[in-house]
Amino acid sequence: MYLSTSRASDIAGNTPAPKGPVRAVPGTVFALGLVSLVTDVSAEMVTAVLPLYLMAGLGMSPLAFGALDGLHQGATAVLRLAGGRIADRTRRHKLVAGTGYALSAACKAALLAVTTPWSVAAVLAADRTGKGLRTAPRDALISLSVPPGEQGRAFGVHRAMDTAGALFGPLAAFGVLWVAVDGYEAVFTVSCCVAVLGVVLLALFVREAPPPAAAPATAPARAARPAPPPVRTLLRLPGLRGLCLTAAVLGLFTVGDAFLYLLLQRRLDLPAAYFPLLPVGTAAVFLLAALPVGRLADRLGRRRVFLGGHVLLLGAALLLLAPVPAGAPLVFGVLAALGLFYAATDGVLMAAAGPLLPAGLRTTGLAVLQTAQALARFAGSLLFGSAWTLWGPGVALGLAATGLLLSLVAVAVFGGTRAERPS
């Protein structure tokens with residue numbers, strides 16, 4: 001992450017966390033967590049059944065699914081930049097985020113009208129557009145609501161609530177499929193209704209971020225709203241370029257969880273109706289670990305925790321490659337490692353970046369970082385899908401694990417030698 005080689009390390013990962021009893025997070029953080037919880041129930045209902053729906057139901061090849069999974073990860077990454085720039089220019093973080101949530105809700109309804117693999121892909125691309133628009137403004141609202149030393153805790157609370165939705169979503173999909181055999185349309189219908197509820201909650205309970213600073217009374221009116229500088233200027237900020245490079249390098253070899261679930265299903269010979277339960281295990285671990293890991297990152301250093309999360313992902317891949325009997329230990333090991341990976345990387349990366357960025361550029365800067373990571377994961381999904389198609393899933397996973405190991409070594413060696421000061 002290169003945070004330890006610059007003054008930015010003291011800002012991003014090592015601002016002393018507040019001592020004494022834990023205080024409640026601001027209402028904005030809680031309200032956004034509630035919106036994300038409801039929205040994730042909707043999204044994960046679809047995500048939980050998507051691999052089987054496309055590959056078993058519609059006959060999509062592993063290579064094509066890899067391309068689609070990559071689209072999920074990063075094909076609409078440019079929209080993150082657009083959402084960030086619009087939110088910073090207008091100071092309307094809530095409006096931009098709400099537009100993204102509304103677009104995703106509309107796409108859930110559109111899934112009911114499409115029946116071919118690539119028409120589904122087009123709808124999912126529009127859904128990812130909505131996610132791209134909303135993610136950076138939402139994270140900026142969280143970051144602007146708390147001081148630098150509490151960023152990890154705030155993002156941990158939000159990600160815990162978000163992951164509660166990821167826990168309930170697959171369970172809801174499982175329940176719908178249990179009642180309606182092959183009832184994918186029923187899953188999409190319920191998902192759409194829940195997504196609309198998320199938009200309503202955002203409109204009613206989330207408050208707009210306060211302006212970063214008041215302009216002097218004698219200053220021209222337009223001076224209170226300076227135009228954000230170009231993206232290249234943001235990359236010159238201390239530490240941000242290193243964060244982007246590290247996230248991109250590791251993201252290139254981050255195997256999508258959908259692929260890991262498919263590999264685990266093959267090892268277990270799991271019936272299709274039980275497939276949506278696999279993400280539940282991951283979400284349960286993420287839910288329990290998000291807040292403790294976020295607080296740990298505030299104290300131990302966000303760079304260390306972020307890299308440690310990728311070590312856990314490597315462990316999940318090695319478990320799937322190892323000659324471990326196909327039983328409960330394999331399932332618990334893979335899902336626990338995957339859940340801890342998300343707890344140690346998702347919110348922690350945003351918590352590391354937030355204090356590096358001026359308040360007026362917070363959304364654009366977070367979008368730059370998210371875009372770098374998303375594009376790398378898009379490329380990684382294409383590479384993994386291609387390797388699966390050409391050489392089989394075992395070879396593909398082995399290559400990905402090797403690449404991730406080498407990337408971790410490179411980041412550890414070239415990311416700086418000075419230890420982060422624990423806060």
Side-chain angles (χ1 to χ4, degrees), residues 44 46-75 117-118 120-121 124 170 250-283 285 309-342 345 376-408:
E44 293 301 323
V46 174
T47 301
V49 302
L50 200 60
L52 285 181
Y53 176 60
L54 292 174
M55 295 183 69
L58 301 183
M60 182 175 276
S61 70
L63 176 58
F65 182 74
L68 182 59
D69 187 62
L71 182 67
H72 251 243
Q73 297 287 350
W118 293 108
V120 173
L124 293 175
L250 295 176
L252 185 62
F253 299 102
T254 297
V255 182
D257 48 5
F259 278 120
L260 294 178
Y261 297 145
L262 285 170
L263 289 167
L264 189 56
Q265 188 217 15
R266 287 180 171 224
R267 287 284 302 271
L268 300 172
D269 196 23
L270 192 68
Y274 292 93
F275 185 82
L277 294 180
L278 293 178
V280 173
T282 299
V285 176
H310 285 83
V311 172
L312 289 167
L313 178 64
L314 178 62
L318 293 178
L319 267 177
L320 285 169
L321 289 169
V324 179
L330 176 64
V331 176
F332 293 149
V334 171
L335 298 184
L338 191 57
L340 288 171
F341 159 72
Y342 282 116
T345 56
R377 289 186 174 182
F378 171 60
S381 289
L382 288 177
L383 291 173
F384 189 86
S386 300
W388 183 324
T389 301
L390 293 173
W391 303 303
V395 173
L397 187 60
L399 291 173
T402 301
L404 182 57
L405 175 61
L406 294 177
S407 298
L408 284 167

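Just so you know, residue 1 is the first one in the sequence shown, and it goes up from there.
- Note that OG1 of Thr282 is 10.0 Å distant from CG of Leu340, once rounded to the nearest 0.5 Å.
- Of the inter-residue distances, the one linking Leu404 atom CG with Leu408 atom CG reads 4.5 Å to the nearest 0.5 angstrom.
- Looking at every heavy atom in both residues, Ala400 comes nearest to Val255 through CB-CG2, 3.5 Å.
- Formation of a donor-acceptor pair under 3.5 Å by the Arg267 side chain with backbone atoms of Val324 is found in this model.
- Leu312 and Ala337 make their closest contact through O-CB, 3.5 Å (heavy atoms, listed as atom of the first residue, atom of the second, distance).
- Taking all atoms of both residues into account, the shortest heavy-atom contact from Phe253 to Ser407 is CD1-OG, 3.1 Å.
- A heavy-atom distance below 4.5 Å is found between the side chains of Trp388 and Leu262.
- Heavy-atom minimum distance, Leu321 versus Ala401: CD1-CB, 4.4 Å.
- Nearest approach of Ala379 to Leu252, heavy atoms of both residues: CB-CD1, 3.8 Å.
- Legend: residues meeting side-chain contact (heavy atoms from CB on, under 4.5 Å) with Phe341, ordered by chain and number and at least two apart, are Thr254, His310, Leu313, Leu338, Thr345, Arg377.
- Between Ala336 and Val285, the shortest heavy-atom contact is O-CG1, 3.6 Å.
- With respect to Leu270, the side chain to side chain contact (heavy atoms under 4.5 Å, CB included) criterion is satisfied by exactly one of Leu264, Leu278, Leu277: Leu278.
- Put simply, the side chain of Phe384 reaches to within 4.5 Å of the side chain of Leu397, judged on heavy atoms.
- Residues passing the ring pair (Phe, Tyr, Trp, His ring centres under 6.0 Å) test with Tyr261: none are found, sequence neighbours excluded.
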